[in-house]
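Computed from a predicted structure; not experimentally measured.
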Amino acid sequence: MNTDSMAGRRPVVVIGAGLAGLAVALHLADKVPVIVLAKRQLDEGATAWAQGGIVGVLGSDDSIESHVHDTLDAGAGLVDEHTARYIAERSADAVRWLVESGVPFSADPEGPLGLHLTREGGHAVRRIAHAADATGKAIHDALIERARAHPGITLRERWMAVDLVTHRHFRAQVRDGAHHDHGHDDPAMRRCWGVYALDIDSRRVETLPAAAVVLATGGVGKVYRYTSNPDTATGDGIAMAWRAGCRVGNMEFIQFHPTCLYHPQERSFLITEALRGEGAKLRLPSTGPGDPGGQRFMPAHDERGELAPRDIVARAIDFEMKKHGLDHVWLDATPIVAEKGEEFLKSHFPTVHARCLALGIDIARQPIPVVPAAHYTCGGVVTDLEGRTDLPGLFAVGETTYTGLHGANRLASNSLLECVVLGRSCAQAILEAPPAAAPVLPPWDESQVEDADEQVVIAHNWDELRLLMWNYVGIVRTTKRLERALHRIKLLRDEIDDYYTNFRVTRDLLELRNLVECAELIVQSALHRHESRGLHYSRDFPQTLPVSFPTVLTRPARSRES
């Protein structure tokens, strides 16, 4: 790489330091300078939490057609077949690139590329490359090491994007009402020019000009009271793109994991489904005086009991919690001990056993308190297969996006694959795009604002939003609940917008602003779908329609300038 040739060039700004963002950055950095923004520490994104693996169509018993079929089947009729095929065809190269990048996948001398391939739910054959049960961390550690060592990549921790700099900022000075003519009506100006970003430590907002901006901010799990997601999953990229006038798609499809540990010190710890596979049973805790608890409930919901598909199990748990007014149910692993012994339980589930024991729960003798938890956002910013959004100069990759790959439900381990494949094609599209003559960007203006004096307002609104989303827009939905949620969300949004206008921004305020935007998109999308399909289940529309289409929302033109 010739760093002299990069001197004076506008960088590409990548928002998010997970697998999607790092894949884009590493494929760009030999040719253009890259700035990667991480709003917390570099290892706090969702990638490092991924326990599963990444799909690779590598084995002699596998085929592109088989992977495409499994993806289509999981997606319940809403997968874009062209997208699924495009990504499946590039899966082997994606895994090969990760191997070459130093990812220590679990080995098998007899396996393709020397890798051990495992099988997960929904897959016809073994095609999941993994690093024990901590694949995400292994991938993330390897790519972060490469990014740190690359002279073309600048990593900025504790920097949070506030908003995209677009043509609308040239009509009015930022956040004040004074109008200035900067040629904003010129079609050539209608693009993303950069980012306003908050340096959290200095509490200053800086203007970052960019040759292109890539949204790689992950999903929106933190909009729910219970989630398996890290604290970073506040829908920042989806909200920013929506405010900039981009379409979003399929936001009603939120994947819930059935069993997340219910404990104040471990709000996001998943209890693996493999426990149920080995014989653990779901039971009701005490529902009142005279009831000792312990009654199984899954057989009443599905003949497969605890081995029913995860969406059915999640709905059953949700039903029982609402019916009995419970905070959680129990997952009882003692039947495994009774059948196979305590050593079997400890050796097969060492992480779950150790984490629960540290919290005072001996899973060999006590039931585990669990709740379903928001796990994966199947919708997001509408993009093509090169990551292009509706706004020139703005790209998006990963869980932030809707590409058509996941449809109405995500096939296990397709998400990491999507990050790598489309991260590479996105970088290529950015490199091939003709440069745009850049205007001088308007600075961030906070001359009319002051420090907030009531942080409790943000905390209260955050809690209210997550609770109403859990109760009204969760696993089982009704039209009345959705309408009530929408009414309350709009009141919250007005209050948060007023707060945003009058006070200096903080990370908490920005995250809350983005969450309430995404909450409204989820509810609006759910109200548009008059059927039950995949991850969206409505009591008012329990049937699945014979033909269905993605839900794509377009922001009204008049509101794009706000």
Side-chain angles (χ1 to χ4, degrees), residues 13-18 20-21 24 37 39 45-46 160-164 166 192 195-197 213-224 227 229-255 374-384 387-391 394-406 410 415 418-419 422 426 465-466 469 473 486 489 492-493 496-497 500 507 509-526 528 535 550-556 559-560 562:
V13 175
V14 177
I15 306 171
V24 175
L37 304 182
K39 67 178 176 179
M160 181 176 181
V162 177
D163 245 332
L164 305 168
T166 69
C192 181
V195 181
Y196 292 116
V213 174
V214 181
L215 302 172
T217 57
V220 69
K222 294 298 285 188
V223 80
Y224 286 98
T227 177
N229 292 180
D231 289 339
T232 53
T234 53
D236 304 332
I238 297 169
M240 284 189 289
W242 176 252
R243 288 196 291 268
C246 297
R247 292 170 297 154
V248 301
N250 277 13
M251 288 294 289
E252 69 269 40
F253 297 116
I254 306 291
Q255 190 176 61
H375 188 51
Y376 191 85
T377 309
C378 288
V381 184
V382 175
T383 73
D384 66 10
R388 295 182 190 87
T389 70
D390 295 326
L391 187 64
L394 180 65
F395 297 77
V397 178
E399 194 177 351
T400 303
T401 68
Y402 164 68
T403 64
L405 177 64
H406 303 304
R410 175 182 67 108
S415 43
E418 182 183 39
C419 290
L422 298 192
C426 174
L465 176 66
R466 296 182 71 201
M469 286 296 289
V473 199
L486 187 60
I489 287 167
L492 279 173
R493 191 188 64 193
I496 293 161
D497 284 348
Y500 175 79
R507 183 177 65 197
L509 174 58
L510 294 174
E511 289 183 334
L512 179 59
R513 180 180 182 232
N514 292 333
L515 278 175
V516 79
E517 196 95 70
C518 290
E520 186 169 353
L521 292 171
I522 292 168
V523 175
Q524 293 279 19
S525 297
H528 274 79
L535 301 168
T551 304
V552 178
L553 302 182
T554 302
R555 186 164 184 167
S559 67
R560 293 181 194 171
S562 60

Which residues satisfy the salt bridge (Lys or Arg N to Asp or Glu O under 4.0 Å) test with Lys222, sequence neighbours excluded?
Asp231
Any residue meeting side chain to side chain donor-acceptor pair (under 3.5 Å) with Asp390, in chain and number order, not counting sequence neighbours:
Arg247
Could you tabulate the donor-acceptor pairs under 3.5 Å formed by side-chain atoms of residues 213-220, not counting sequence neighbours?
{"unit_1": "Thr217", "atom_1": "OG1", "unit_2": "Gly237", "atom_2": "N", "d": "2.8"}
{"unit_1": "Thr217", "atom_1": "OG1", "unit_2": "Thr400", "atom_2": "OG1", "d": "3.2"}

Can you sort out the partners of Ala519 under side-chain contact (heavy atoms from CB on, under 4.5 Å), two or more places apart, ordered by chain and number?
Val223, Leu465, Met469, Ile489
Donor-acceptor pair, distance only, cut-off 3.5 Å: does the side chain of Glu511 make one with the backbone of Thr234?
no
Going by the rule salt bridge (Lys or Arg N to Asp or Glu O under 4.0 Å), which residues pair with Arg388 if we only count those two or more places apart in sequence or in a different chain?
Asp384, Glu386
Under the salt bridge (Lys or Arg N to Asp or Glu O under 4.0 Å) test, which residues partner Glu520, sequence neighbours left out?
Arg493
Could you tell me if the side chain of Val248 sits less than 4.5 Å from the side chain of Arg555, heavy atoms only?
no
For the residue pair Leu553 and Trp242, establish whether any side-chain heavy-atom pair is separated by less than 4.5 Å.
yes
For Ala374, the side-chain contact (heavy atoms from CB on, under 4.5 Å) test, sequence neighbours excluded, returns Tyr224, Thr227, Ile254, Phe256
So, using side chain to side chain donor-acceptor pair (under 3.5 Å) as the criterion, who are the partners of Ser415 when residues are at least two apart?
Arg410
What residues, two or more places apart in sequence or in another chain, satisfy salt bridge (Lys or Arg N to Asp or Glu O under 4.0 Å) together with Glu252?
Arg529
Which atom names give the shortest non-hydrogen contact between Ala233 and Leu515, and what distance separates them?
O-CD2, 4.5 Å
Asp163 meets the side chain to side chain donor-acceptor pair (under 3.5 Å) criterion, sequence neighbours left out, with Arg243, Arg513
Going by the rule side chain to side chain donor-acceptor pair (under 3.5 Å), which residues pair with Thr389 if we only count those two or more places apart in sequence or in a different chain?
none
Set of residues satisfying ring-ring contact (aromatic ring centres under 6.0 Å, His included) with respect to Tyr402, sequence neighbours excluded
none
